[in-house]
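Take a look at the structure below.
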Amino acid sequence: MLRVLITVVLALGSLASSEQAKVKPAASRNSDRAIASDYQPSLNYDPQAEQRLLDLANHARARVGAPPLQFDESVLSAARAHAAEMAEQQQLSHQFTGEPSLPRRLAATSALHLDRAGENVALDSSADLAHQHLMLSPPHRENLLDPRYNVAGFAVIRSGEQLYVVEDFGHSVAALSTEQADDAIIGAVNRARQAAHLPIFTRQSDAALRAAVCSMAEEDRLTTRSMRTLSQRYSVLSYTNMHPEVLPASANHLIGDHNLTNVAVGACFARTGTYPGGVYWVGLVFY
């Protein structure tokens, strides 16, 4: 019985200093592309098989105490687009030549704020067998049971007696307003300040900082002219994170400086080339 399985896991929205995860594109004679068949398939989505795979996944997750995956139409759209590509190519891969990567496929169909994503792809003869074989493979089982995932879209294309399967997983985090993001960051700063046994900072407003943070998002980089200008007047910290209240280690020396008593914050959520699914761009000035 023919069955092929491939998996990938990506962490999204990490600090800008970290390298963006990449999945090797498939090439015409690349050994990691499994040839599935030697005939042209017809593209027929199988919603019943898709639902069956999701039900089986959630039954397995319940047995190990992991929360259920919530079906998301936008994630399904991304999974179906990739399943169609696999069926048309008659091969399995996480990224074909000229095809967007998993983060970009998810960003193209979904407005969710995802800080983690993963994908299983498989070829099998039924939904039940596909799930069984995926669960027998450690990396695929890890995706299926990972408690950090909370949304999913499972796509199935039936081609004759074979099923092309794409299981896309994500961890969706709350979308914060600008005010909520600013408050979360200031709260984290002052908690760290108190932990250093120093008085909390006095919060200030700074329109120039807000504009400078927007410039970082627009230019898709932390070191912009506007931020450099601010750094000539203040102690400046800038970073990116899907969780803006998670401060980088470089914040410690500023937070622990007893000569600094005031802080202003600016945060902006934006999708960029580096962060196709979006990230919070954050700037802090201390004085």
Side-chain angles (χ1 to χ4, degrees), residues 10-22 103-104 107 111-117 171-287:
L10 299 173
L12 310 177
S14 56
L15 296 180
S17 58
S18 64
E19 211 171 276
Q20 187 179 3
K22 297 182 177 67
R104 294 183 185 278
L112 295 175
H113 289 196
L114 301 175
D115 66 355
R116 184 177 180 83
H171 180 246
S172 177
V173 300
L176 303 177
S177 68
T178 298
E179 181 179 345
Q180 288 172 328
D182 288 355
D183 288 346
I185 296 161
I186 291 295
V189 167
N190 277 328
R191 284 192 295 274
R193 183 76 165 180
Q194 289 176 315
H197 306 292
L198 293 170
I200 65 172
F201 289 108
T202 300
R203 182 174 178 176
Q204 304 290 348
S205 297
D206 192 318
L209 173 61
R210 181 75 60 190
V213 169
C214 291
S215 78
M216 293 194 300
E218 290 167 0
E219 297 181 34
D220 196 12
R221 59 194 180 100
L222 293 173
T223 55
T224 64
R225 181 177 179 179
S226 297
M227 292 302 292
R228 288 196 300 271
T229 299
L230 282 173
S231 68
Q232 295 171 4
R233 300 169 52 202
Y234 306 111
S235 296
V236 174
L237 173 69
S238 59
Y239 64 95
T240 59
N241 204 314
M242 275 298 295
H243 302 271
E245 74 282 3
V246 177
L247 304 173
S250 56
N252 292 336
H253 77 282
L254 293 173
I255 291 172
D257 189 335
H258 68 275
N259 293 315
L260 300 173
T261 59
N262 295 274
V263 65
V265 61
C268 175
F269 183 87
R271 297 186 177 206
T272 68
T274 303
Y275 302 103
V279 76
Y280 290 94
W281 297 79
V282 180
L284 288 157
V285 295
F286 300 83
Y287 56 96

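What's counted below: heavy atoms across the whole structure, side chains too, no hydrogens, waters or symmetry copies.
At least one side-chain heavy atom of Leu247 sits less than 4.5 Å from a side-chain heavy atom of Val189. In this structure, the side chains of Trp281 and Arg221 stay at 4.5 Å or more apart for every pair of heavy atoms. Between Met216 and Thr272 there is no side-chain heavy-atom pair separated by less than 4.5 Å. Taking 4.5 Å as the limit, every side-chain heavy atom of Leu222 sits out of range of all side-chain heavy atoms of Met227. Between Asp183 and Arg203, some side-chain heavy-atom pair lies under the 4.5 Å cut-off. The closest side-chain heavy-atom distance from Arg193 to Val263 is not below 4.5 Å. Two residues are said to be in side-chain contact when any heavy atoms from C-beta on lie closer than 4.5 Å; Pro248 and Leu237 meet this criterion. Residues Tyr275 and Thr240 are in side-chain contact: their nearest non-hydrogen atoms beyond the backbone lie under 4.5 Å apart.
Distance check: Asp182 CG to Ser177 OG gives 8.0 Å after rounding to the nearest 0.5 Å. Put simply, CD on Glu219 and CZ on Arg225 are 10.5 Å apart, with the number rounded to the nearest 0.5 Å. Atom CD1 of Ile185 is separated from atom CG of Asn190 by 12.5 Å, given to the nearest 0.5 angstrom. A distance of 11.5 Å separates OG of Ser215 from CG of Asp220, quoted to the nearest 0.5 Å. Here OG1 of Thr224 is found 8.5 Å from CG of Leu230. Values are rounded to the nearest 0.5 Å.
The minimum heavy-atom distance between Gly266 and Val213, with the atom names listed, is O-CG2, 3.5 Å. Leu112 and Ser172 get closest at one heavy-atom pair: CD2-OG, 3.7 Å. Across Leu176 and Pro244, no two heavy atoms sit closer than the pair CD1-CG, 3.9 Å. Minimum heavy-atom separation, Leu209 to Asp206: N-OD1, 3.0 Å. Nearest approach of Ala184 to Glu245, heavy atoms of both residues: O-CB, 3.7 Å. Closest heavy-atom contact between Ile200 and Gln194: CG2-CG, 3.5 Å.
Of the possible donor and acceptor atoms, one in the side chain of Arg271 sits under 3.5 Å from a partner among the backbone N and O of Ala107. Judged by distance alone, the side chain of Arg104 and the main-chain N or O of Gly273 form a donor-acceptor pair under 3.5 Å. Under the 3.5 Å distance criterion, the side-chain polar atoms of Tyr280 are left unmatched by any main-chain donor or acceptor of Tyr239. A distance-only check finds no donor-acceptor pair linking the side chain of Tyr234 to the backbone of Ala264 [under 3.5 Å].
Of the candidates Leu284, Ile186, Asn262, Leu260, Phe201 forms a side-chain contact (heavy atoms from CB on, under 4.5 Å) with just one, namely Leu260.
Relative to the six-membered ring of Tyr287, Arg233 misses at least one condition, a distance below 6.0 Å or an angle of at most 45° to the axis.
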